[in-house]
J.: 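Take this structure first; my questions come after.
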Number of protein chains: 2
Amino acid sequence: MARRSRSNPLALAILCLLQERERHPYDLVATLKNRHKHESIRLNYGSVYSVVDRLEADGLIEAVRSEQDGNRPPRTVYGLTESGKDELVDWLSTLLSTPRREYTHFTAALSLLPSLPPADAVALLRTRLAAIERQLAEDDAGEEFAGRELGLPRLFLIEAHYEHALRRTERDFVAALIDDIEHKDMEGIGLWTHFHESGFSVPPNALPPTNGVWRELDESVRERTGNRPGDDRFRGASSTQPLATPT
Amino acid sequence: MARRSRSNPLALAILCLLQERERHPYDLVATLKNRHKHESIRLNYGSVYSVVDRLEADGLIEAVRSEQDGNRPPRTVYGLTESGKDELVDWLSTLLSTPRREYTHFTAALSLLPSLPPADAVALLRTRLAAIERQLAEDDAGEEFAGRELGLPRLFLIEAHYEHALRRTERDFVAALIDDIEHKDMEGIGLWTHFHESGFSVPPNALPPTNGVWRELDESVRERTGNRPGDDRFRGASSTQPLATPT
DNA sequence: TGACGAATACTCGATTCAGAGTATTTGATA
DNA sequence: TATCAAATACTCTGAATCGAGTATTCGTCA
């Protein structure tokens, strides 16, 4: 059998819940929300039903019975199969033992930061910093609540603690970044400022070739040189005609 | 016009590149890889072409001309429109200023940790820890290289520095977690161990009601009580018949 | 000079997903 | 007792995504 996709951790969460006992789809959703798993795993109805179908098609879960309450739509109750149990252990083990590249929106935004003028960037990062501080305070209050009021053991809050630690790192990083930009305490800021002030909206390729930041990167990173796309000096020496008809 | 989806940061990256100058799709891909943006933004061919189509349909970019080199497939060169420029600034500003929930595979895995026996969890986390340490060492070497050999300003490596900081946090967290589990230095570990040893693969609902962790959570978090799905005491009091025909 | 691998430049189809929409029931309120 | 909001339990559709596949050309090395 071709390897399953494993791209959506919701499928893994479902396997875990079905390991506890049999459940119908709506019960899965309700339980996940109840346990606040939707804060660490993307969850919505459409996904649940299609993921359940896929798991069933792959033989990892199976319908064990159908229930009906009055006139409501019948509910199909699912249980874990043997190979489902195997997949659960293997998948979860891989996720835990092997770091993989994680893509986040904020990292993406940081990598595009030079596309905004430095002053704007600082203002926006300040707004973010304030929001993070608020969130950190809420985290503390929430932990207080879970620990004291609910008596919820730390074991069941591991992911919340981890996210809290990440958030603190984010706060420190953003604060330091703001400082560095403001005090021009970072290589490249002169260029950044200059190019936005002089009306070129983008730094790298506006540089004369000899100082071209990206050019140097291109040269060093690639074994061979040449006038190729991706090389920022690329200007298309091929035949060019105006585009006549749009699609 | 209905608000654009903004779920795929690749579209934002493309807007940023087109702000620099006009490019054709393959040039976009090559440039993104060249600048190592594919390490912070998920990138593959299929996505690029469909994202470009979408951006064009939304009027954020437009085809400016078509080039052809000998017998190769013609290349359509795109440029940024005025509303594209607006969207770029607005989208990037939002990403920077407003924290949003970020879903990662590792956080998902942590939230499902109790589904494995504690001893297994510790072993897997140790493997991860070693991999993170290796990665951290590579980060240092890579930074050395970029800074010294390439003279690449820190401004263009912000995202790499941020990921490095996150990785250090992850290392510390994982190391501490291993310790806590091993020294049973965490509330809930007794139960966790017990339930895996006694053959119940899952802790929460195996508890007697009076000590039920999730039950208490359910009670406290929800305003009302009752025998409903998602409540872990739920056992389906409705009519039940065996499932006759599978689909 | 001819063969082969790497790079160029996409195309296509099969999943996968998000989220809006639908219909029923329960419980609180007026 | 009628009504209305909230909760229950999905269904459907169109969009987004992924990755494999295709076809051409260039450079290099025997």
J.: Summarise protein proximity over nucleotides 13-19 of chain C in one line of letters, 5' to 3': B for base, S for sugar-phosphate only, - for none, counting protein heavy atoms closer than 4.0 Å.
T.: ---SBBB
J.: Answer yes or no: is there a donor N or O on one side and an acceptor on the other, between the side chain of A:Asn8 and the main chain of A:Ala11, under 3.5 Å?
T.: no
J.: Mind calculating the distance between NE2 (B:His24) and P (C:dT11) to the nearest angstrom?
T.: 13 Å
J.: B:Tyr78 OH to C:dC10 P: how many Å, rounded?
T.: 9 Å
J.: Name every residue in residues 93-102 of chain B that has at least one heavy atom under 4.0 Å from any atom of DNA chain D, in order of residue number, or write none if there are no such residues.
T.: none
J.: Which whole-number value in Å describes the distance from B:Leu55 CG to D:dA16 P?
T.: 10 Å
J.: Just by distance, with hydrogens left out, do B:Arg23 and B:Thr31 show a side-chain donor and acceptor under 3.5 Å apart?
T.: yes
J.: Hey, does the side chain of A:Glu22 reach the backbone of A:Val64 with a donor-acceptor pair shorter than 3.5 angstrom?
T.: no
J.: Measure the distance from CD on A:Glu67 to C1' on D:dT8 and round it to the nearest whole Å.
T.: 14 Å
J.: In whole angstroms, how far is the P atom of C:dT26 from the OH atom of A:Tyr26?
T.: 14 Å
J.: Are B:Arg75 and B:Tyr26 side-chain neighbours, meaning at least one heavy-atom pair lies under 4.5 Å?
T.: no
J.: Are B:Arg54 and B:Glu87 ion-paired here, with the side-chain N under 4.0 Å from a carboxylate O?
T.: no
J.: What's the spacing between B:Leu88 CG and B:Leu60 CG if we round to 0.5 Å?
T.: 10.0 Å
J.: Which pairs pass salt bridge (charged side-chain N to carboxylate O under 4.0 Å, His left out) with one or both residues in residues 156-167 of chain B, sequence neighbours excluded?
T.: A:Arg101-B:Glu163, B:Lys37-B:Glu159, B:Asp139-B:Arg167
J.: How many whole angstroms separate atom OH of B:Tyr49 from atom C1' of C:dT11?
T.: 9 Å
J.: Return the value, rounded to whole Å, for the distance between atom CZ of B:Arg75 and atom C1' of C:dT11.
T.: 17 Å
J.: Could you tell me how far apart B:Asp53 (CG) and C:dC12 (P) are, to the nearest whole angstrom?
T.: 12 Å
J.: Can a donor-acceptor pair be found, under 3.5 Å and without considering hydrogens, that links the side chain of B:Arg128 to the backbone of A:Leu96?
T.: yes
J.: Go through the steps for B:Arg21 and B:Asp27 under the test salt bridge (Lys or Arg N to Asp or Glu O under 4.0 Å), then give the verdict.
T.: CA-CA 11 Å; B:Arg21 62 175 159 83; B:Asp27 188 11; 3.4 Å; yes
